[in-house]
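So that the names make sense, note that chain A is the first sequence line, chain B the second, and so on, each numbered from 1.
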Amino acid sequence: MLIRKGAEASLYLETWHGRKVILKKRLEKKYRIPELDLTVRIQRTKHEPLIIHKAKKAGVPTPIIYMIDIASSTIVMEFVEGNRLKEILDKLSHEERRNLCKRIGVLVGKLHKSGIIHGDLTTSNMILTPEGKIVFIDFGLSEQSFETESRGVDLHLMKRALLSTHFTNAEECFNSIIEGYREVMGGKTEEVLNKIEEIEKRGRYISER
Amino acid sequence: MRNQEGYCLGIESTADDFGVGIVSFKGEILANVNDTYRPEKGGIHPREAARHHARVAERVIMEALRRSGLKPKELSAIAFSQGPGLGPCLRTGATAARALASYLDIPLIGVNHCVAHIEIGKLISGARDPVTLYVSGGNTIVAAFEAGRYRIFGETLDIAVGNCIDVFAREAGLGLGERQPLGRVVEEKAAKGENFIPLPYTVKGMDLSFSGILTATISLLKSGKYQIEDICFSFQETIFSMLTEVTERALAHTEKKEVLLTGGVGSNNRLKEMLKIMAEEHDATFYSVPKEYALDNGAMIAWVGVLSYKYGLTIPINESFVKLKWRLDDVEIPWVEENYAD
């Protein structure tokens with residue numbers, strides 16, 4: 001069953017050997033010549049599970065990868081039960097929200113510390129499981145980098161996502177995220193915060209100035 | 001908003017072109033005259049280009065006036081490209097514009113070059129609210145209108161795509177002694193290529209990078225193992241696929257129904273074809289702009305001069321400094337309505 005169609009890939013919810021799984025299929029692009037199209041799709045189909053695996057090693061919960069089918073550029077992964085943070089964040093009490101955001105910050109810090117840039121940090125891409133675990137999904141835009149610039153952009157996008165979907169609590173949430181981030185990143189946090197400020201002044205994101 | 005009849009003269013001088021256009025307040029283009037600086041070899045030398053502009057300025061302005069059939073005193077405003085661009089070139093155009101405005105005692109308008117490319121593209125093609133891919137020797141931008149401005153949805157992180165093509169072509173010794181643009185020469189060679197050679201494909205989120213592929217393509221060249229046709233083919237396929245992919249992401253994100261291609265690189269037929277295929281897959285309409293208005297030109301500056309004038313966006317001469325790094329999304333665009341619903 002098709003559950004989401006993006007510019008690059010489609011997501012299907014299926015049953016696979018008795019398990020509920022997500023099939024992420026990268027679509028063929030007719031505008032690219034077949035050789036190039038295949039290369040790009042294969043490269044990304046391989047890259048995403050690698051990063052997901054690396055994130056797990058860094059202590060960030062991510063879906064289990066069951067299978068990669070290079071020929072159809074499809075990734076078969078665990079369907080993570082739970083609620084997307086987008087749907088529940090504004091319904092929590094002040095204290096619960098603060099704790100949850102702090103935990104998000106810790107996880108983002110762990111990603112950055114191990115050289116992973118998520119590339120699409122939004123509350124739609126985080127799931128709170130019934131056991132209380134926060135699982136990060138969709139590493140489709142991720143890259144490996146230890147640069148302050150990339151870290152700044154990553155967190156800046158998180159802030160933008162908060163402002164557009166959780167307007168009333170955005171600032172409070174972001175501050176709690178930074179609190180958690182600081183626990184992992186320590187002194188590097190100031191560098192990243194300064195970078196975010198610089199990014200916001202570049203004019204590209206002028207609406208939030 | 002002012003609604004009287006009138007004419008605006010626009011001066012374009014951001015890079016190697018010195019262009020003068022005259023446009024009526026209704027959007028009729030009465031003149032569009034251009035003179036391009038041609039270096040004997042290599043790329044644009046900013047100071048040499050500026051010297052060229054100073055030399056031809058008077059002749060080009062007079063020719064534009066002659067073609068429009070207007071007398072100088074019939075002009076209502078003078079517009080000039082205030083940025084982004086090469087400093088010496090911008091300053092030469094600005095000096096001519098200030099002199100005209102002050103002599104004729106009419107308002108001066110500073111126009112953002114990138115805004116001008118989008119607006120003339122819309123005027124000429126009939127697109128109303130497109131995702132625009134603006135690709136030239138100096139710019140590589142995917143933009144669309146949202147909340148009062150042209151927002152940038154993707155751009156190059158290093159060099160412009162046109163610059164990437166030109167540097168490659170010069171390294172390959174293509175187009176020597178020919179009068180046609182290097183991009184055209186690469187396109188002709190690429191059309192004869194058959195074998196695809198893998199090159200770095202660098203899309204980071206919505207942004208692009210061309211420096212890696214340039215280095216890699218030049219080393220293919222120097223290895224001496226490949227036909228130039230195959231190298232051109234692989235190079236073009238890779239960079240244009242990257243551009244199309246980023247434009248597609250912006251289209252999917254904004255859910256707009258039009259794609260507009262403009263800028264010098266926009267005259268490439270393969271790039272047009274790719275964007276058309278992509279647009280159709282999203283039920284969007286593809287528009288391109290004829291060369292005269294896709295390349296740098298004076299008419300586009302004059303047209304944005306008209307739009308700005310109607311909203312009182314004129315500037316005093318003593319505040320008309322050129323802005324070398326003026327970003328597209330720094331400019332407020334009051335004339336585009338947010339709601340396009342018919």
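- Shown here is B:Lys257, whose NZ atom has more than 12 heavy atoms of other residues, nucleotides or ligands within 6.0 Å.
- A 6.0 Å sphere centred on NZ of A:Lys25 holds more than 12 heavy atoms belonging to other residues, nucleotides or ligands.
- Crowding of A:Lys86 atom NZ: a count of heavy atoms from other residues, nucleotides or ligands under 6.0 Å not exceeding 12.
- Ionic pairing of A:Arg44 and B:Glu245 is present here: one or more N-O contacts between side-chain nitrogen and carboxylate oxygen are shorter than 4.0 angstrom.
- Counted within 6.0 Å of CZ on B:Phe321, heavy atoms from surrounding residues, nucleotides or ligands total 12 or fewer; the atom is thus considered open.
- Annotation: the span from B:Ser241 atom OG to A:Ile33 atom CD1 amounts to 7.0 Å, rounded to 0.5 Å.
- For CD of A:Glu14, the number of neighbouring non-hydrogen atoms (other residues, nucleotides, ligands) closer than 6.0 Å is greater than 12.
- Across A:Tyr31 and B:Arg270, no two heavy atoms sit closer than the pair O-NH2, 3.3 Å.
- Closest of all the heavy-atom pairs between A:Glu35 and B:Phe196 is OE2-CB, 3.6 Å.
- With a 6.0 Å radius and a threshold of 12 heavy atoms from other residues, nucleotides or ligands, B:Glu332 has its CD atom at or below the threshold.
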Start with the C-alpha gap between A:Lys29 and B:Glu248, add the side-chain angles, then the distance that decides, and say whether side chain to side chain contact (heavy atoms under 4.5 Å, CB included) holds.
CA-CA 11 Å; A:Lys29 296 293 172 192; B:Glu248 181 180 30; 2.9 Å; yes
Residue pair B:Arg249, A:Leu141: steps toward the side chain to side chain contact (heavy atoms under 4.5 Å, CB included) verdict:
CA-CA 12 Å; B:Arg249 289 216 173 132; A:Leu141 290 178; 3.4 Å; yes
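- The contact between A:Glu8 and chain B is made entirely by side chain atoms (from C-beta outward), counting heavy-atom distances below 4.5 Å.
- The shortest heavy-atom contact between B:Thr238 and A:Leu36 is CA-CD2, 3.9 Å.
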